[in-house]
Amino acid sequence: MVNSNENTVITKAVIPVAGLGTRFLPVTRSVPKALLPVLDKPLIQYAVDDAVEAGITDIAIVEDTRPVGSYFHSMPDLEGKLREGGRNELADQMVDISSRARITSIKQLEPLGLGHAILLAKNFIGDEPFAVLLPDEILWGDHSSTAQVLDVRDRYGGNVIAVTETSWDDVHTKGIVAGTSVEPNVIAVEEMVEKPKREDAPSNLAIIGRYALEPTVFDFLSQQRRGAGGEIQLTDAIIDCMNELPTHGVIVDAARYDAGVPEGMFGATLHQAAKDPTMRQMIVDFAAEL
Ligand code: UTP
């Protein structure tokens, strides 16, 4: 197997946010899912923070006609007003948000699938390995989950994907992988399938929205083949790469919430709220009342 990019450090990431967000209707009629907040921070910021902690400096946000990337624009008027009012700490936070990474916006005008959204970032990425983060997968741990994926990629090369055990009742909604363990929490992937029926699923290890990919995936994405649900699937392109590249799955050490559905967002909100003494007490009091 050839992997000429093995020693290249990954500094670019793609964050696709142009899906319809149908599992979060009606709010996603007008608010992009990536701008829905866990308390006071939108999902897109958690994803960008996770990427920046992993050493990413350049990020392409693939969005529909509703701007998400503009969240990271500098806002000198707002910053100025906050400073005039003596709220320097908040103003500093605003400056930090707009200077964390270089953000590029790319438009996906039709939601043809995750694979299609990534394909649109081909020119931005060029011929180097890159990271992909799906912001509706929240992964909170001591270390950035993207950093955990990039670490495995540094050691094994090829394509690396974050995975987690999921309920067998859910395998038909996810990309599923199976393979051989090569070290604790790392598997060499031998089988991968997008949204299998429960009886066809090779395992219950689900792909969860953090990837390190070789630019070879663009060769297959360019064919624009339709897969599960009639969409151009990223999983299918990664499967196509498996003859040429090693593929590993890493069970990331992180609390995971699927914020693409209201109950996952609620779990994530409780997780964050419990860190604040006042809100924690509100949760405890409410639970006692229940
Ligand atoms: P999802 O399938 O989780 O999101 O796609 P969705 O399609 O927005 O939501 P549902 O299933 O209708 O509720 C995974 C990621 O890929 C992006 C989504 O925005 C999400 O971040 N995506 C998906 C695109 O950018 N373009 C697409 O055509 C499809």
Side-chain angles (χ1 to χ4, degrees), residues 13-38 42-51 59-72 103-122 124-125 130-139 145-146 149 161-164 166 170-176 193-196 206-211 213 217-218 221-222 224-238 256-268:
V14 184
I15 306 184
V17 300
L20 293 176
T22 54
R23 290 167 299 158
F24 229 120
L25 285 168
V27 64
T28 44
R29 281 163 62 93
S30 63
V31 182
K33 191 167 56 177
L35 291 182
L36 297 181
V38 176
L43 296 180
I44 188 71
Q45 194 183 331
Y46 289 108
V48 166
D49 289 351
D50 196 73
I59 297 174
I61 295 179
V62 184
E63 57 193 24
D64 59 24
T65 51
R66 302 165 302 178
V68 171
S70 60
Y71 173 81
F72 296 96
I103 306 280
T104 301
S105 288
I106 295 174
K107 293 288 175 196
Q108 186 192 31
L109 297 177
E110 235 190 310
L112 298 179
L114 171 59
H116 180 256
I118 303 305
L119 176 61
L120 293 174
K122 186 174 189 275
F124 167 81
I125 295 297
F130 62 102
V132 171
L133 294 86
L134 308 188
D136 43 4
E137 288 283 3
I138 292 182
L139 295 161
S145 52
T146 307
V149 168
I161 48 191
V163 296
T164 192
T166 192
D170 280 347
V171 292
H172 68 284
T173 66
K174 316 259 182 220
I176 298 292
V193 53
E194 185 63 36
K195 300 188 174 66
I207 299 174
I208 46 162
R210 300 289 184 278
Y211 307 74
L213 299 176
V217 291
F218 290 122
L221 289 174
S222 302
Q224 308 210 24
R225 272 191 297 120
R226 304 291 179 128
E231 295 191 339
I232 298 166
Q233 297 286 356
L234 180 60
T235 304
D236 290 341
I238 299 173
R256 173 192 174 236
Y257 297 96
D258 177 2
V261 290
E263 56 272 30
M265 180 68 94
F266 178 61

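We count ligands from 1, going down the list as the structure has it; atoms in each ligand are counted the same way. Everything numeric here is computed off the predicted structure, so don't read it as measured data.
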Residue and atom name of the nearest protein heavy atom (relative to [atom]), distance in Å to one decimal:
atom                    : result
atom 19 (O) of ligand 1 : Gly19 N, 2.9 Å
atom 25 (O) of ligand 1 : Ala18 N, 2.8 Å
atom 14 (C) of ligand 1 : Leu134 CD1, 4.0 Å
atom 1 (P) of ligand 1  : Arg23 NH2, 3.9 Å
atom 12 (O) of ligand 1 : Thr22 OG1, 2.5 Å

> Pro16 to ligand 1: N or O pair under 3.5 Å?
Replying inline: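 Yes: some nitrogen or oxygen of Pro16 is under 3.5 Å from one in ligand 1.
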> ligand 1 and Gly21, any nitrogen or oxygen pair closer than 3.5 angstrom?
Replying inline: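 There is such a contact, yes.
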State the atoms of ligand 1, each with its element, that fall below the 4.0 Å cut-off from a heavy-atom position in [X].
X      : result
Leu112 : 28 (O)
Lys33  : 3 (O), 4 (O), 6 (P), 8 (O), 9 (O)
Gln108 : 24 (C), 25 (O), 26 (N), 27 (C), 28 (O)
Val17  : 19 (O), 25 (O)
Pro111 : 28 (O)

>> Would you compute the distance between atom CG of Leu119 and atom CD of Gln108 and round it to the nearest 0.5 angstrom?
In response: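 Between atom CG of Leu119 and atom CD of Gln108 there are 9.5 Å.
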4.5 Å side-chain heavy-atom contact, [X] and [Y]:
X      : Y      : result
Ile161 : Val149 : no
Leu112 : Arg226 : yes
His116 : Gln224 : yes
Met265 : Leu43  : yes
Tyr211 : Val217 : no

>> Checking contacts here: is it the side chain or the backbone of Asp136 that comes within 4.0 Å of ligand 1, counting heavy atoms only? Could be both or neither.
In response: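 Answer for Asp136: side chain.
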>> Any carboxylate oxygen within less than 4.0 angstrom of a Lys/Arg side-chain nitrogen, looking at Glu63 and Lys107?
In response: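 Yes.
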> Any idea which of Ala117, Gly229, Gly113 brings a heavy atom closest to atom 27 (C) of ligand 1?
Replying inline: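 Comparing heavy atoms across Ala117, Gly229, Gly113, the nearest one to atom 27 (C) of ligand 1 lies in Gly113.
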> Hey, looking at atom 16 (O) of ligand 1, which of Leu43, Val132, Leu114, Ile118 has the closest heavy atom?
Replying inline: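 Among Leu43, Val132, Leu114, Ile118, the closest heavy atom to atom 16 (O) of ligand 1 comes from Leu114.
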> Does NZ in Lys122 sit with more than 12 non-hydrogen atoms of other residues, nucleotides or ligands closer than 6.0 Å?
Replying inline: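 No, NZ of Lys122 has 12 or fewer neighbouring heavy atoms, counting only those of other groups under 6.0 Å.
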> Which residue pairs satisfy the side-chain hydrogen bond (donor to acceptor under 3.5 Å, both in side chains) criterion with at least one member in residues 130-139, sequence neighbours excluded?
Replying inline: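 Listed by first then second residue: Lys33-Asp136, Glu137-Arg256.
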> By ring-ring contact (aromatic ring centres under 6.0 Å, His included), which residues pair with Phe218, not counting sequence neighbours?
Replying inline: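 Partners of Phe218 by the ring-ring contact (aromatic ring centres under 6.0 Å, His included) criterion, ordered by chain and then number, come out as Phe130.
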> Would a 4.0 Å cut-off, counted as strictly less than, catch a protein heavy atom around atom 4 (O) of ligand 1?
Replying inline: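 Neighbour list for atom 4 (O) of ligand 1 includes protein heavy atoms (cut-off 4.0 Å).
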